[in-house]
Amino acid sequence: MHAFRNIAQASLELPPYLVVLRGGNAQGKTNFLEAIYLAARGVSPRTQRDAELVSWGSDSASIEMRVDSGGIWFDREVRIQPGRKKVWLTNGHPKRGRGRQEEVWLVGYFPGDISIIEGPPVERRRFIDEAVSYIQPAYNAHVKRYERTLTRRNILLRERAADDLVSVYTEELINTGKHIIQGRIRYGELLTPFLRDFYLRLGGENMHFGVQYSGGGYELRGELEDNLRKAFRCMEKEERAREMTLVGPHRDDIIFTLEEKDFRVYGSQGEKKSLALALKMSEMQVIRKLKNTEVIVLLDDLFSELDPGRRHLLFKEVLGTGQVFITVTDEVPPMPEGWEKYTVLGVQGGTVKKA
Ligand code: ATP
Ligand code: MG
């Protein structure tokens, strides 16, 4: 990689087991994992502004990654130039749609992921939309189309366009929105059993843990299309007054509850962090189940915070999934059984090399 955040240059070959990134604060550990995540999934785990990723004083950044995915080698390349669209290539070709054979399966937990639990609804929608798009390319197309239509419709409402014109976009929103809502609900059904199981093992056994999809202004039970159309009719006056679209999946939310109480309101920091981690681990399990493949796992800033019991639990969960990356600021703590073999990379001032 080249000129990626504070990493001027790094070139490494990594073993297919545990990789420990060791270095003090602000040396580049998270940056290194961010680059891997970006090359694998096409989005940064912590920012939507590509320009932030380029080293200060440089005009472009690049990442090249060679990956063995289920016995097939392929190359990934990312080039970032502020002001231009990011280039993301697989074996030299732009990734149009997300091809099944040429996917790098990877999940990552980063400290900022706690915002999925405690942040505004948009954080949870972004998480689920990205997770579903990753395993289901057609879903991503619906999301893109929905966003374009929504923008158009909001402009029409602001311009006080005629009802006939607005209703064309309303129908389009209903049609694409339906796929998004169904995709999210289906994904939730796959994810929830893993989530419940892992969270309860990590934290409070014998607790009642719930996940609920909440529709933005429309009824979820029954015929979705009819319900959306009905909600649009009910909101017509208000939409005209506020000049924006008030019904649809762009206003939905996912609600996590513990003992029937909203996590976002009542959860402690520790509980929220555990739930964010459980989400990412469940995402991994869903990929393993659906794609029948190994998954690369990135765990940033987590290891040192966990007590030995939870550490053991976490490592049991990721054992046998494939390559695992963790970060530590100090000495590598005693590793759980099965994890005695690892490579340490020293990270200092943006330099990453085998220790
Ligand atoms: P911690 O243990 O505190 O999490 P870290 O090793 O994970 O530390 P990073 O988040 O990787 O640290 O950040 C390392 C440094 O990179 C920070 O000091 C940050 O200011 C710097 N940095 C971030 N973006 C850029 C950029 N675009 N160009 C240059 N440096 C950057
Ligand atoms: Mg960090």
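In each ligand, atom 1 is the first atom listed, and ligand 1 is the first ligand listed.
If you check each of Asn31, Asp301, Asn25 against atom 11 (O) of ligand 1, the one with the closest non-hydrogen atom is Asn31. Among Phe32, Phe110, Trp56, the residue whose heavy atom lies nearest to atom 29 (C) of ligand 1 is Trp56. Around atom 7 (O) of ligand 1, the closest heavy atom drawn from Leu21, Leu33, Thr30 belongs to Thr30. Taking all heavy atoms of Lys29, Glu52, Arg22, Arg46 into account, the minimum distance to atom 10 (O) of ligand 1 is reached by Arg46.
Salt-bridge formation is not detected for the pair Glu317/Lys280: no Lys NZ or Arg NE/NH1/NH2 atom is positioned less than 4.0 Å from an Asp or Glu carboxylate oxygen. A salt bridge between Lys178 and Asp226 is absent, with no side-chain N of the basic residue lying under 4.0 Å from a carboxylate O of the acidic one. The residues Arg160 and Glu243 are annotated as salt-bridged, a charged nitrogen and a carboxylate oxygen being separated by less than 4.0 angstrom.
Residue contacts with ligand 1: Ser55 is included, with a non-hydrogen atom under 4.0 Å away. Note on ligand 1: Val347 sits outside its first shell, no heavy atom being nearer than 4.0 Å.
In summary, the atoms of ligand 1 found under 4.0 Å from a heavy atom of Gly24, numbered by their order in the structure, are 6 (O).
The aromatic rings of Phe325 and Phe32 lie tilted to each other, with the angle between the two planes from 30° to 60°. Between His250 and Tyr146, the ring-plane angle classifies as tilted under the 30° and 60° cut-offs.
Distance from atom 15 (C) of ligand 1 to its nearest protein heavy atom, with residue and atom name: Asn6 ND2, 3.6 Å. Looking at atom 24 (N) of ligand 1, its nearest protein heavy atom turns out to be Arg5 NH1, 3.3 Å. Protein heavy atom nearest atom 8 (O) of ligand 1, with residue, atom name and distance: Ala26 N, 2.7 Å.
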I'd like to know whether Trp339 forms a ring-ring contact (aromatic ring centres under 6.0 Å, His included) with Tyr17, so could you lay out the CA-CA distance, the side-chain angles of the two residues, the decisive distance to 0.1 Å, and finally the verdict. CA-CA 9 Å; Trp339 294 92; Tyr17 40 88; 9.7 Å; no
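Residue-environment remark: CG (Asn292) stays at or below the threshold of 12 foreign heavy atoms within 6.0 Å.
Ligand 1 has a nitrogen or oxygen under 3.5 angstrom from a nitrogen or oxygen of Val54.
In this structure, a donor-acceptor pair under 3.5 Å is present between the side chains of Arg76 and Thr90.
Within the 2.8 Å limit, Asn25 places no N, O or S atom next to the Mg ion (ligand 2).
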